[in-house]
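So you know, we letter chains A, B, ... as the sequences are listed, proteins then strands, and number each from 1.
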Number of protein chains: 2
Amino acid sequence: MSLTHAILGVLDARPMNGYELGQFFDSSAGWVWSAPRSQIYPTLRRMEGGGLIEAERQVRGTKLERRVYSITEAGLAELRRWVAAPPDSASRRDPVLLQALFLDMVEPDVAAKIFEHVIGEQEAVISRWEQHAQRLLDKDTPLIRERLGRRSPAEHDTIVAIKAHVFEGGAAMAKARAEWAAAGLRLVRQEQAAQKIGSPGCGADADE
Amino acid sequence: MSLTHAILGVLDARPMNGYELGQFFDSSAGWVWSAPRSQIYPTLRRMEGGGLIEAERQVRGTKLERRVYSITEAGLAELRRWVAAPPDSASRRDPVLLQALFLDMVEPDVAAKIFEHVIGEQEAVISRWEQHAQRLLDKDTPLIRERLGRRSPAEHDTIVAIKAHVFEGGAAMAKARAEWAAAGLRLVRQEQAAQKIGSPGCGADADE
DNA sequence: TACACCATGTAAGTGGTTACATGATTGA
DNA sequence: TCAATCATGTAACCACTTACATGGTGTA
């Protein structure tokens, strides 16, 4: 139940309603975890039932009600317990690796397109993660300010260093993936070249 | 529906029954994708219904029946279609990054233990992926032999190069993760040291 | 005859996605 | 008054996990 803990971690920075949480998870800040609102609202109700968070009803205008949730002592304890527990190594399935496993079944130029697609995608991901890491180091995101406001100034540098490190990690993983795809691209380009030389019967065949 | 395609990819090497597929997905070869048998059997039935695979009933002894599935022309076409299609970039949630995001909430030595745990775990993963990559390059796994048996010898080196590249990719991702965790460990160790110097009141406080 | 392995499933539950439903408030 | 945004949900579905159920076969 990672969503529960993601929500606890956000509400530890400041109280929010479901709508705001949804916006947050949609933003780049929520890149590490995300959830549609249809999952957020029921989860909040469940968490409230479990005593991890508590709601304060507010009314905008005359009728529009919103439920602003804050983390409780029990929620804080649960968050700390979960953070300190060894992460369970669930089998990480990777659809892209699975697809690449069968790339020998298609023409080299099709395989090349797949790798190029991955490279482009990952490059966008890298810059997004890195930008956010920098913003955190600069203490320049809406949430980090609020979060730091509740902590002693002596801790501030450590806190942003750890949070930024997570986003640098996301960038690092994306880089590894992009480099892997680039190597794959070189691999299929070689294959493509070998095919061109081999096919018009201009001699010098490899293994026969 | 990645499991469907994973199964198609395996059955393209040779016909198998559900039990064998289960064994395969449990083995290191199935590290890229896995599924419990409770998911495999219904999926096979669905795929048979869809005409992607066809079953041959075999009887061992007098009563024990097994259904050996082979890929059909339609299945092969679907596999090729899926392989050539651009991978959809589903938001990749990462529970470990999420957990690390809140590591500032616990004592530095607890955070250090988490990072150490990740490092140890990833190192085991790296060697497994790398070993399998090497076995593929050596054409030395049960499945790759059967797979190559159905392809022209001229293709063999390309095929194993691509498949091995996938496992090298898995290793590369795990390495990136291990390095990230190692950097995280250095980060919290620094913090730990700063805390020790700072706490007994021996002066030289940073930011005040 | 007992144990490891072969073989195929069902059922209940979780976490997440997609689509749909409803209505209030604010500002151009 | 119209559109964008605020606000909270329900329903159906999908992929996957965990637990349970059943029985045959080969061999020590």
### Task
Drop me the distance from A:Arg135's CZ to A:Lys163's NZ, to the nearest 0.5 angstrom.
15.0 Å
### Query
CE of A:Met105 to CD1 of B:Ile159: how many Å apart, nearest 0.5 Å?
9.5 Å
### Query
Going through the checks in order, is the salt bridge (Lys or Arg N to Asp or Glu O under 4.0 Å) test met by B:Lys139 and B:Asp157?
CA-CA 9 Å; B:Lys139 296 161 183 146; B:Asp157 285 346; 2.8 Å; yes
Expressed in angstrom and rounded to an integer, what is the separation of [X] atom [atom1] from [N] atom [atom2]?
X: A:Glu48; N: D:dT8; atom1: CD; atom2: P; result: 12 Å
X: B:Arg57; N: C:dA7; atom1: CZ; atom2: C1'; result: 14 Å
X: B:Asp26; N: C:dC5; atom1: CG; atom2: P; result: 13 Å
X: A:Tyr41; N: D:dC6; atom1: OH; atom2: P; result: 11 Å
X: B:His5; N: D:dA15; atom1: NE2; atom2: C1'; result: 14 Å
X: A:Arg37; N: D:dA7; atom1: CZ; atom2: C1'; result: 9 Å
X: B:Gln58; N: C:dC6; atom1: CD; atom2: P; result: 15 Å
X: A:Leu44; N: D:dA7; atom1: CG; atom2: P; result: 14 Å

Polar atom pairs between nucleotides 18-22 of chain D and protein, under 3.5 Å, N or O only, would you list them?
residue : atom : partner : partner atom : Å
D:dT18  : O4   : B:Ser38 : OG           : 2.5

### Query
A:Arg45 has a side chain; which of D:dT8, C:dG15, C:dT8 sits nearest to it?
D:dT8
### Message
If the condition is ring-ring contact (aromatic ring centres under 6.0 Å, His included), which residues does B:Trp82 pass it with, not counting sequence neighbours?
### Response
B:His5
### Task
Output every pair passing side-chain hydrogen bond (donor to acceptor under 3.5 Å, both in side chains) with a member in residues 108-119 of chain A, not counting sequence neighbours, ordered by first then second residue.
A:Glu116-A:Arg189
#### Entry: Summary of side-chain hydrogen bond (donor to acceptor under 3.5 Å, both in side chains) pairs that have at least one residue in residues 90-101 of chain B, sequence neighbours excluded
B:Asp94-B:Arg177
Extract all donor-acceptor atom pairs below 3.5 Å that involve side chains of residues 33-41 of chain B and protein atoms in other chains or at least two apart in sequence.
residue : atom : partner : partner atom : Å
B:Arg37 : NH1  : B:Tyr19 : O            : 3.2
B:Tyr41 : OH   : B:Tyr19 : N            : 3.4

### Query
Tell me, which of residues 60-69 of chain B have any heavy atom that sits under 4.0 Å from an atom in DNA chain D?
B:Arg60, B:Gly61, B:Thr62, B:Lys63, B:Leu64
### Those residues of residues 18-25 of chain A lying under 4.0 Å from DNA chain D by at least one heavy atom
A:Gly18, A:Tyr19, A:Gln23
Is there a donor-acceptor contact under 3.5 Å from the side chain of [X] to the main chain of [Y]?
X: B:Arg150; Y: B:Ala13; answer: yes
X: B:Glu20; Y: B:Asn17; answer: yes
X: A:Thr72; Y: A:Leu52; answer: yes

### Task
Tell me which of A:Leu3 and A:Val59 sits closer to the 5' end of DNA chain C, going by the nucleotide each one is nearest to.
A:Leu3
### Query
Please, which pairs that meet ring pair (Phe, Tyr, Trp, His ring centres under 6.0 Å) have at least one residue in residues 131-160 of chain B, sequence neighbours excluded?
B:His132-B:Phe167
### Task
Hey, could you give me each pair passing ring pair (Phe, Tyr, Trp, His ring centres under 6.0 Å) that has a residue in residues 50-69 of chain B? Not counting sequence neighbours.
none
### Query
What residues form a side-chain contact (heavy atoms from CB on, under 4.5 Å) with A:Ile162, not counting sequence neighbours?
A:Thr158, B:Leu103, B:Asp104, B:Leu187, B:Val188, B:Glu191
### Message
Using the side-chain contact (heavy atoms from CB on, under 4.5 Å) criterion, which residues pair with B:Ala183? Sequence neighbours excluded.
### Response
A:His165, B:Arg186
### Query
Under a 4.0 Å heavy-atom cut-off, which of residues 79-98 of chain A touch DNA chain C?
none
